[in-house]
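Note that the structure is predicted; figures quoted are calculated from it, not measured. Heavy atoms only: backbone and side chains are in, while hydrogens, waters and symmetry mates are out.
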Amino acid sequence: MRLIYTPLLYLMLPFVLLRLLWRSSKSPEYGKRWGERMGFFSGKPAPGGVWIHAVSVGEVQAIEPLVKHLLQHWPALSLTITTSTPTGSERVRLLFGQDVFHVYYPYDLPAAVRCFLDRIQPRLLVMVETEIWPNMLRLCRERQVPTLLTNGRLSARSARRYGYLSKFSRRVFGMIDAVAAQSEADVRRFIDLGVPQDRVRVTGSIKFDMRIPASVQEQTQVVRRVWGDRPVCVAASTHEGEEELVLAAHRKILAQIPSALLVLVPRHPERFERVAMLVQRLGFSLLRRSSERACDQRTQVFLGDTMGELPVFLGVADVAFIGGSLVKVGGHNMLEAAAQGVPVLFGPHVFNFSAIARLLRDQGAGVMVQDIEELSEQVAAWLQDASERSRVGEHGRQAVEQNRGALQHLVNMVDGFLQEDRGAPASSAQNEKREG
C-alpha cells in the first residue's frame, strides 16, 4: 500500500496546488509561502529540539500551556511549531512570537518530509489530535525520532475508514510511539488499528485545561458595556450552509425577542465577505466587527470578521451555538464557551467532539438540537430565563474544572521522552532536583 500511497500523492500534487491557488483567491494568505509546504524555508532552529504539529487555530490554542512549559523548563531546547492553515500560522505568531520557530507543515511526500527533517533535526515530534501521516511517521522512525500523538481522538467514522485498509493502517498506526487519548473509546479504536496496547493511555482532553486570560475578561466587560443590556447569542465557527440555518433560527427568535443580537463568527476568514452578503441579502441589519463602528440597538447581526476575538465574544454571550454541527463537519470545541459559564448548544453532527458533547449533555451543561426549530426554541427559552441560563452555565464551568488534568499527563509524557535522551539539556528545575 505504501508503494501505492506515495505515487498517488505525487499524482494528486497538481490538483492540491490548484486548490491552494483557488483558496488564495478567497484568502490571499493561502497564496504565500508555498515553498514551506514542500519542505523549503529560510532559517532553521537549533537541532535536537521539539517539533509540535498543530493543524489550525484550535490545536494551537490547545497546546499553548505545553509550549509555555517547554519554554520555561527546557529553555535550551528549540521549539518548532508547524500548522497547515494561515489562521493557525497567525495564531502561533500572536501567542508565541519569536520564542518558537514556525513554518507550514510539509505535504506528506517523502522528498518534502526529508527536506524538512534535514533542516529541523528534531529529537521529538508531538502531533495534536488526528495528524497521522504515513511518510512522516516512517521517516521519523528511520531517524529514531520518537512520535507522540497527544489529545488523540478517533471517531467511529474515521476508524471505519482506516479499517478499509486494515493491513496498511496497522503498519502506520504501529509506528506511533505513544498516544495520549481523550477517552476509553479512542483507546480501543487506536488499539484496534494497530497501536500496541502498552503505548496508549487515557489522559483526557487538554482542552479542559484552558485558562481564560485576564485580558479577555477585561475586554469582555468593555464590549458588554458598549453593547448594553440586550440578549446576545453567539454562533461560533459556522460553516458553509450553516449560516442560512442559524439566520433562519434568528429570525424566529427576533419575532419573540426583538432586541436579540446574533454574533455570527464564521470558521474560515475567506468566507467573511460571502457571509456578510448573505446576511444583507436576507434582510438583516448588519454590522461588521472590522468596521470598528459601535454596535447599537438597531443591529440585528454582528459579524465577527476579525481574528482572535472569539473568546471575547463568547464571554459577552448569554447563549452560544457551536458550529460545524448542523452540517456534517463534526463540530468544534464547546469548552471555550462552557469554561466561561455560557450555556452551550450544538447540532447532531459532533463526531469530532463526541466525548465532550456527551459529557456536557450528561452534566446538564449543553443541549443538542436537531434543526432550526429546536435551535430557535432553545435559544429563546434561555434568553428569557436568566436563572436557567445561570444554572446551565455553572454546570458547564464545573464540568470544565472537574476534568482538568490532561495537561499534566501530557507534560509528564513529553518530559519523559526528553529525559530518556541522555544528551538532552536538563532544565534548572531538574538540575536542582538531582542536586537535592
Side-chain angles (χ1 to χ4, degrees), residues 6 9-10 12-64 66-67 70-71 74-129 131-148 150 268-270 307-308:
T6 297
L9 284 184
Y10 279 109
M12 291 173 59
L13 184 59
F15 300 100
V16 172
L17 295 177
L18 282 173
R19 185 171 182 271
L20 263 186
L21 186 62
W22 176 79
R23 295 194 76 172
S24 70
S25 67
K26 307 292 183 182
S27 179
E29 289 301 314
Y30 276 100
K32 301 175 182 178
R33 299 160 55 190
W34 282 23
E36 295 178 15
R37 300 184 186 272
M38 300 302 297
F40 298 105
F41 47 85
S42 60
K44 61 179 181 179
V50 177
W51 167 25
I52 302 175
H53 178 50
V55 181
S56 194
V57 175
E59 292 80 10
V60 172
Q61 196 74 42
I63 53 95
E64 180 185 6
L66 172 63
V67 172
L70 291 170
L71 290 171
W74 296 88
L77 289 183
S78 61
L79 288 183
T80 297
I81 301 179
T82 54
T83 64
S84 298
T85 67
T87 51
S89 176
E90 177 64 12
R91 197 63 185 154
V92 170
R93 186 188 68 80
L94 290 173
L95 287 178
F96 311 121
Q98 299 301 311
D99 291 335
V100 304
F101 182 78
H102 166 67
V103 291
Y104 283 134
Y105 176 76
Y107 293 134
D108 198 41
L109 304 167
V113 177
R114 283 195 190 97
C115 184
F116 177 87
L117 290 174
D118 285 344
R119 294 189 64 78
I120 298 297
Q121 297 183 45
R123 83 164 44 135
L124 173 66
L125 165 59
V126 178
M127 306 166 287
V128 184
E129 295 198 0
E131 284 304 286
I132 301 165
W133 295 100
N135 285 322
M136 172 186 70
L137 290 170
R138 179 176 61 85
L139 291 169
C140 282
R141 172 146 290 202
E142 286 180 3
R143 297 177 185 226
Q144 298 182 327
V145 177
T147 54
L148 166 61
T150 182
H268 298 116
E270 61 267 27
M307 295 301 298

Worked verdict on Thr82 versus Phe116 for side chain to side chain contact (heavy atoms under 4.5 Å, CB included): CA-CA 11 Å; Thr82 54; Phe116 177 87; 3.7 Å; yes

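Across every non-hydrogen atom of Gly39 and Cys115, the tightest pair is O-SG, 3.0 Å. Residues Leu139 and Pro110 approach most closely at CD1-O, 3.8 Å, considering heavy atoms. Ser24 and Gly31 get closest at one heavy-atom pair: CB-N, 3.3 Å. For the residue pair Val55 and Thr83, the shortest heavy atom distance occurs at O-CB, 3.4 Å.
A donor-acceptor pair under 3.5 Å is formed between the side chain of Arg37 and the backbone N or O of Ser84. Asn135 places no side-chain N or O within donor-acceptor distance of the main-chain N or O of Leu109, the cut-off being under 3.5 Å. A distance-only check finds a donor-acceptor pair linking the side chain of Glu36 to the backbone of Tyr104 [under 3.5 Å]. Of the possible donor and acceptor atoms, none in the side chain of Arg123 sits under 3.5 Å from a partner among the backbone N and O of Pro47.
Between atom CG of residue Leu79 and atom CZ of residue Phe96 there is a gap of 9.0 Å, rounded to the nearest 0.5 Å. Rounding to the nearest 0.5 angstrom, the gap separating the NE2 atom in His53 from the CD1 atom in Ile63 is 11.0 Å. Expressed to the nearest 0.5 Å, how far CZ of Arg33 lies from CZ of Phe41 amounts to 11.0 Å. To the nearest 0.5 Å, atom CZ of residue Arg91 and atom OG1 of residue Thr85 are 12.0 Å apart. Met136 contributes atom CE, which lies 7.0 Å from atom CG of Asp108 (distance to the nearest 0.5 angstrom). Leu70 contributes atom CG, which lies 12.0 Å from atom CG of Asp99 (distance to the nearest 0.5 angstrom).
With sequence neighbours excluded, no residue satisfies salt bridge (charged side-chain N to carboxylate O under 4.0 Å, His left out) with Glu59. With sequence neighbours left out, Pro269 forms a side-chain contact (heavy atoms from CB on, under 4.5 Å) with Thr87, Phe272, Met307. Considering only residues two or more places apart in sequence or on other chains, Arg93 meets the side-chain contact (heavy atoms from CB on, under 4.5 Å) condition with Glu90. Every residue was checked against the ring pair (Phe, Tyr, Trp, His ring centres under 6.0 Å) condition with Tyr30, not counting sequence neighbours, and none meets it. Legend: residues meeting salt bridge (charged side-chain N to carboxylate O under 4.0 Å, His left out) with Lys32, ordered by chain and number and at least two apart, are Glu29.
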For residues 140-148, run the donor-acceptor check on the side chains, cut-off 3.5 Å, and write out each pair with its distance to 0.1 Å, sequence neighbours left out.
from, atom 1, to, atom 2, distance (Å)
Arg141, NH2, Met175, O, 3.4
Arg141, NH2, Asp177, OD1, 3.2
Glu142, OE2, Arg138, NH1, 3.1
Arg143, NH1, Asp118, OD1, 2.8
Arg143, NH2, Asp118, OD1, 2.9
Thr147, OG1, Asp177, N, 3.2
Thr147, OG1, Asp177, OD2, 3.2

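Annotation: side chain of Arg119 is not in contact with side chain of Thr80 (no heavy-atom distance under 4.5 Å).
In Trp34, the CH2 atom is crowded: over 12 heavy atoms of neighbouring residues, nucleotides or ligands sit closer than 6.0 Å.
Classification of the Trp51-Tyr105 ring pair by plane angle, with boundaries at 30° and 60°, yields parallel.
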